[in-house]
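This report concerns only the one structure given below.
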Amino acid sequence: MTSSQLPRPVRPARPGRRVHSVVLTAMEEEARPFLERLPALNGAAPPTLNGDAWAASLTLPPAIPGSADGADPGASRELILIRTGIGLVAAAAALAEALTRVAPRMIVSAGTAGGLARGIEVGDVCASTALAFTDADATAFGYARGQIPGQPPAFGSAAGLRDAVEIHGPAALATATPASSSARIHAGQMLSGNSFVTAANVADTREAFPEAVCTDMESTALAQVAAAAGIPFVSVRGISDLCGPEAGQDFHIGADEAAARSAAVVIAALAALG
């Protein structure tokens, strides 16, 4: 019997209690703004995760009246915040384990990233339209750069989540911190890999991925897990540094500042989705 003749296993219904959303960050500094802005959900039991990863159950603000899906504006919604640890494997493992315990309607990758596209400034926020792996290269076998064999060339982001970011994010970003009033939101391709993109290799990355706006070490792995589970996904990252700054550009702000801006945009977008 060939592999194509093997019976496909029947995927069971997604287990766990239903929650509004799962938001994942890699570092404590990226999780902290959510803990500061959102109250803990009384009586909730967040999933217990392996290793150093942890989760918290938080309460989203009430749904915005007139939201697109007609949810009860007064309903309390549970957001599961997960601090995964840094890297593709840590992120994917934490999300995959969490999805055995909870069933979210949407998944968001939040935190910080390195700016890649020209025109991106530190302190701006990027929202993903598609995600690829920076250091995946099976082009010798006919695959696209950034594509893992057997996977799509890129993982898409949910249009409804992107729309919520673009509509409700700018006002939230402008008031996120005392210094964020001039920051902008950019939508575009995001990259993730196991290596930092620096001035030494940024030219190759820009040539291979001319539409990419930023890069991190978790989001594409999270997008792959979300796609396998059939759950809408978007990444929303604050730019803490520039991979290849131009002359005269500021090239770094604190991770806590960039993370606070990401969190403000994510919370505003999710609050708009009942």
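No hydrogens, no waters, no symmetry mates; every other heavy atom, side chains included, goes into these values. Worth saying up front: this structure is predicted, and the values here are computed from it rather than measured.
Around atom CD of E207, no more than 12 heavy atoms belonging to other residues, nucleotides or ligands sit under 6.0 Å away. Around atom CD of E28, more than 12 heavy atoms belonging to other residues, nucleotides or ligands sit under 6.0 Å away.
Nearest heavy-atom pair, A183 versus G123, reported as atom, atom and distance to 0.1 Å: CB-O, 3.3 Å. Scanning all heavy atoms of the two residues, the minimum distance from A136 to I148 falls at CB-CD1, 3.8 Å. Of all non-hydrogen atoms in L131 and S219, the two that sit nearest each other are CD2-CB, 3.6 Å. Of all heavy-atom pairs spanning I82 and A94, the tightest one is CG2-CB, 4.2 Å. A144 and P153 make their closest contact through CB-CB, 4.3 Å (heavy atoms, listed as atom of the first residue, atom of the second, distance). Taking both residues in full, the closest heavy atoms of E166 and A187 are given as OE2-CB, 3.5 Å, listed atom of the first, atom of the second, then distance.
In the hydrophobic cluster analysis, where Ile, Leu, Val, Met, Phe, Trp and Tyr join through side-chain heavy atoms closer than 4.5 angstrom, F155 is grouped apart from L116. Each of Y143 and L191 belongs to its own hydrophobic cluster when Ile, Leu, Val, Met, Phe, Trp and Tyr are linked at side-chain heavy-atom distances under 4.5 angstrom. V265 and M106 fall within the same hydrophobic cluster, where Ile, Leu, Val, Met, Phe, Trp and Tyr residues are linked whenever their side-chain heavy atoms come under 4.5 Å apart, directly or through other members. Note: the hydrophobic cluster containing F233 does not contain M217 (ILVMFWY, side chain heavy atoms under 4.5 Å, direct or indirect links). Hydrophobic clustering, with ILVMFWY side chains joined whenever heavy atoms are under 4.5 angstrom apart, groups L24 together with V102.
E78 is not listed as a side-chain neighbour of H20, based on a closest heavy-atom distance of 4.5 Å or more. Counting only heavy atoms from C-beta outward, the side chains of T84 and L95 never approach each other to under 4.5 Å. Here the side chains of S57 and I80 are in contact, with some heavy-atom distance below 4.5 Å. Within the 4.5 Å cutoff, the side chain of T205 has heavy atoms near those of the T134 side chain. A heavy-atom distance below 4.5 Å is found between the side chains of T112 and M27. Under the 4.5 Å side-chain criterion, counting only non-hydrogen atoms from C-beta, I239 is in contact with C214. Residues Q224 and F133 are in side-chain contact: their nearest non-hydrogen atoms beyond the backbone lie under 4.5 Å apart.
For the pair D124 (side chain) and R184 (backbone), a donor-acceptor distance under 3.5 Å is present. Of the possible donor and acceptor atoms, none in the side chain of D52 sits under 3.5 Å from a partner among the backbone N and O of G85. Of the possible polar contacts, none joining the R162 side chain to the V234 backbone as a donor-acceptor pair under 3.5 Å is found. Formation of a donor-acceptor pair under 3.5 Å by the Q189 side chain with backbone atoms of F209 is not found in this model. Judged by distance alone, the side chain of R77 and the main-chain N or O of P61 form a donor-acceptor pair under 3.5 Å. Judged by distance alone, the side chain of T175 and the main-chain N or O of A171 form a donor-acceptor pair under 3.5 Å.
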Query - Worked check of side-chain contact (heavy atoms from CB on, under 4.5 Å) between V225 and I107 - result: CA-CA 10 Å; V225 174; I107 296 170; over 6 Å; no

Requested in this report: Apply side-chain contact (heavy atoms from CB on, under 4.5 Å) to T129 and S157, showing your working.
Outcome: CA-CA 5 Å; T129 57; S157 295; 5.6 Å; no

Requested in this report: List the steps, then state whether side-chain contact (heavy atoms from CB on, under 4.5 Å) holds for C126 with I120.
Outcome: CA-CA 9 Å; C126 291; I120 302 287; 4.0 Å; yes

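Each of L81, V23, T25 was scored for a side chain to side chain contact (heavy atoms under 4.5 Å, CB included) with E30, with one residue passing: T25.
Here the straight-line distance linking atom NE2 of H168 with atom CD1 of I185 works out to 11.0 Å at 0.5 Å rounding. The line from CG of N42 to OG1 of T59 is 7.0 Å long, rounded to the nearest 0.5 Å. In this structure, CZ in F34 is found 7.5 Å from CG in L270, a value given to the nearest 0.5 Å.
Side chains of E218 and S109: no donor on one and acceptor on the other come within 3.5 Å. Side-chain contact annotation: S128 with S235, donor-acceptor N/O pair under 3.5 Å absent.
Residue pairs meeting the salt bridge (Lys or Arg N to Asp or Glu O under 4.0 Å) criterion with at least one member in residues 139-150, sequence neighbours excluded, are R145-D204.
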